[in-house]
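Below: one structure, written as structure tokens.
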Amino acid sequence: MEKAAVKSEGLVIPLIDFSKFLNGNPEQRKETANAILNGFQTAGFVYLKGLPFTSEYRQSIFDTSAKYFRLPMETKMSHCWTTAAANRGYSAPGREKTTNLTDASDVEKLRQGNPDLKESLEIGREGEPDHPNQWPKEEGELVDFKATMTKFHDECKGLHMEVMRAIAIGIGLDEHYFDGFTDVGDNTLRLLHYPEVRKDIFTINPGQVRAGAHSDYGSITLLFQDMRGGLQVQSPNGTFVDATPIENTCVVNAGDLLARWSNDTIKSTIHRVVEPPSGDADVYPARYSIAYFCNPNFKSYIDTIPGTYAVETDKKYQGINSGVYLEQRLAATY
């Protein structure tokens, strides 16, 4: 029985040793797959440990990310995020407003009142001629930045495919069912920096958050957090519960497209980043996280997964093209 990483307000997020799926015998792989699927079906979130990343390697990625965000604003603004179709480049504080609202005017009102206190760099897969990545110049501290992040993007793609194999086994499908939907790697590596902020900002503006309440859009998200805290997940009764960082784990949540794909048997749960647990200082230190947003290949047609419905009339959604769906969702938040 896996222990819980989070257990509060009716929300139970399991902590699962993924090495038992990657390296275990058939019984261990099946047991781990069932635990992952159950976590997605009940909470929409799991914590995974036993990943193929050493703590030293993980820290090196965070260190490289921090070096990027130390660049002058003028430099970062030279390779900005442009369009939802591209979804690559730098996004300055206040540019994106994470929300589940879809009307552009409603999002703008929310952005003006409570801008998200974060900046980010979006990195897509290399080799996309119509939408090349917006890389910073490799000089000073950023020598080998592109090679480092391209390698990590590819490694996270591999982890995405393995988690989807676990979901397939949990549902009772062939473990390679999703391979043809995930092999291109149309995913986004997002480096995130939440700058240090005075505590009284949250007192002066009670609605202020570092990232607004939202669900993710794609299949799953791999989230690597530092130890600062602030991530919260919505419980079944509507309250928000701290998803406290656990060293050398990855928080994995299901996205809206996977919920749709699974006929809503898998949950896409709302979450946010808020004022972190309080300390004695007047200023909250910077927080860094790295999110890898996983999607079905953009050319894939997403129709209800076998095993999640009994007869055709049980399907809740019509099929949809993955890329079209994701572009529509992204366009609303920028």
Side-chain angles (χ1 to χ4, degrees), residues 64-65 67-112 114-139 142 145-150 152-154 156-157 184-195 210-212 214-219 221 255-257 273 288-300 320-334:
T64 302
S65 174
K67 290 174 184 176
Y68 169 78
F69 289 112
R70 287 200 290 268
L71 290 173
M73 180 58 74
E74 181 182 359
T75 303
K76 290 182 287 191
M77 293 297 287
S78 71
H79 49 270
C80 275
W81 191 97
T82 52
T83 66
N87 193 29
R88 287 161 164 83
Y90 173 70
S91 181
R95 172 70 189 271
E96 182 197 26
K97 181 62 191 177
T98 50
T99 173
N100 274 9
L101 296 174
T102 56
D103 182 86
S105 60
D106 290 341
V107 175
E108 183 57 30
K109 288 176 187 175
L110 189 62
R111 180 189 288 112
Q112 293 298 325
N114 293 298
D116 286 356
L117 302 177
K118 69 178 190 296
E119 58 179 342
S120 65
L121 178 67
E122 319 293 319
I123 301 168
R125 68 178 176 89
E126 278 287 272
E128 180 63 56
D130 294 334
H131 303 297
N133 279 310
Q134 303 295 314
W135 296 109
K137 288 184 179 179
E138 300 222 344
E139 54 191 16
L142 288 193
F145 180 81
K146 177 179 176 179
T148 298
M149 292 306 166
T150 301
F152 190 60
H153 189 289
D154 289 345
C156 288
K157 172 194 167 184
V184 174
D186 283 328
N187 308 318
T188 300
L189 175 63
R190 170 182 281 187
L191 309 182
L192 279 155
H193 172 223
Y194 302 86
R210 279 176 153 174
H214 65 286
S215 54
D216 292 343
Y217 309 147
S219 52
T221 301
D256 295 344
L257 193 51
V273 180
Y288 292 89
S289 67
I290 298 171
Y292 188 77
F293 295 102
C294 305
N295 308 302
N297 302 336
F298 289 163
K299 292 183 178 180
S300 292
I320 192 169
N321 171 266
S322 171
V324 170
Y325 174 85
L326 292 161
E327 187 175 338
Q328 289 172 347
R329 294 296 305 275
L330 278 167
T333 60
Y334 282 89

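Checked by atom type and distance alone, the side chain of S78 pairs as donor or acceptor with a backbone atom of T75 at under 3.5 Å.
For the residue pair S215 / D256, a side-chain donor-acceptor distance below 3.5 Å is found, with atom types taken as modelled. Between the side chains of Y90 and E119, at least one donor N or O lies within less than 3.5 Å of an accepting N or O.
The shortest side-chain heavy-atom distance between Y194 and S289 falls under the 4.5 Å cut-off. Side chains of P136 and H79 form a contact here, defined as non-hydrogen atoms less than 4.5 Å apart. Side-chain contact between L142 and L71: present, with at least one pair of heavy atoms (C-beta onward) separated by less than 4.5 Å. Between Y288 and L191 the shortest side-chain heavy-atom distance does not fall below 4.5 Å. Counting only heavy atoms from C-beta outward, the side chains of F293 and D216 approach each other to under 4.5 Å.
In terms of the side-chain hydrogen bond (donor to acceptor under 3.5 Å, both in side chains) criterion, residue partners of N133 (sequence neighbours excluded) are, by chain and number, R88, E126. Every residue meeting the side-chain hydrogen bond (donor to acceptor under 3.5 Å, both in side chains) condition with T188, not counting sequence neighbours, appears here in chain and number order: N87.
One distance of note links NZ of K157 with CG of D186; it measures 9.0 Å at 0.5 Å rounding. R70 CZ to K76 NZ: the interatomic distance, rounded to the nearest 0.5 Å, is 10.5 Å. The line from CG of N295 to CG of L326 is 4.5 Å long, rounded to the nearest 0.5 Å. Atom CH2 of residue W135 and atom NZ of residue K146 lie 7.0 Å apart, to the nearest 0.5 angstrom. In this structure, NE2 on H131 lies 8.5 Å from OG1 on T82, to the nearest 0.5 angstrom. For the atom pair SG (C80) and CG (L121), the distance works out to 10.0 Å, reported to the nearest 0.5 Å.
The heavy-atom pair separating S322 from P296 by the smallest distance is OG-O, 3.1 Å. Annotation for A92 and M77: closest pair CB-SD, 4.0 Å, computed over non-hydrogen atoms. The two residues A84 and E327 come nearest to each other via the heavy atoms CB-O, 3.8 Å. Across all non-hydrogen atoms, the minimal contact from N297 to G185 is OD1-N, 3.8 Å. Among all heavy-atom pairs drawn from A291 and L192, the shortest one is CB-CD1, 4.4 Å. A pairwise comparison of heavy atoms in S65 and M149 identifies N-CE, 4.0 Å as the closest pair.
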Derivation of the side chain to side chain contact (heavy atoms under 4.5 Å, CB included) call for R210 and K118: CA-CA 6 Å; R210 279 176 153 174; K118 69 178 190 296; 5.8 Å; no
Derivation of the side chain to side chain contact (heavy atoms under 4.5 Å, CB included) call for L257 and Y217: CA-CA 6 Å; L257 193 51; Y217 309 147; over 6 Å; no
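Ring orientation note: the planes of Y292 and H153 are nearly perpendicular, at an angle over 60° on the 30°/60° scale.
Taking a 6.0 Å sphere around CE of M73, one finds it holds more than 12 heavy atoms contributed by other residues, nucleotides or ligands.
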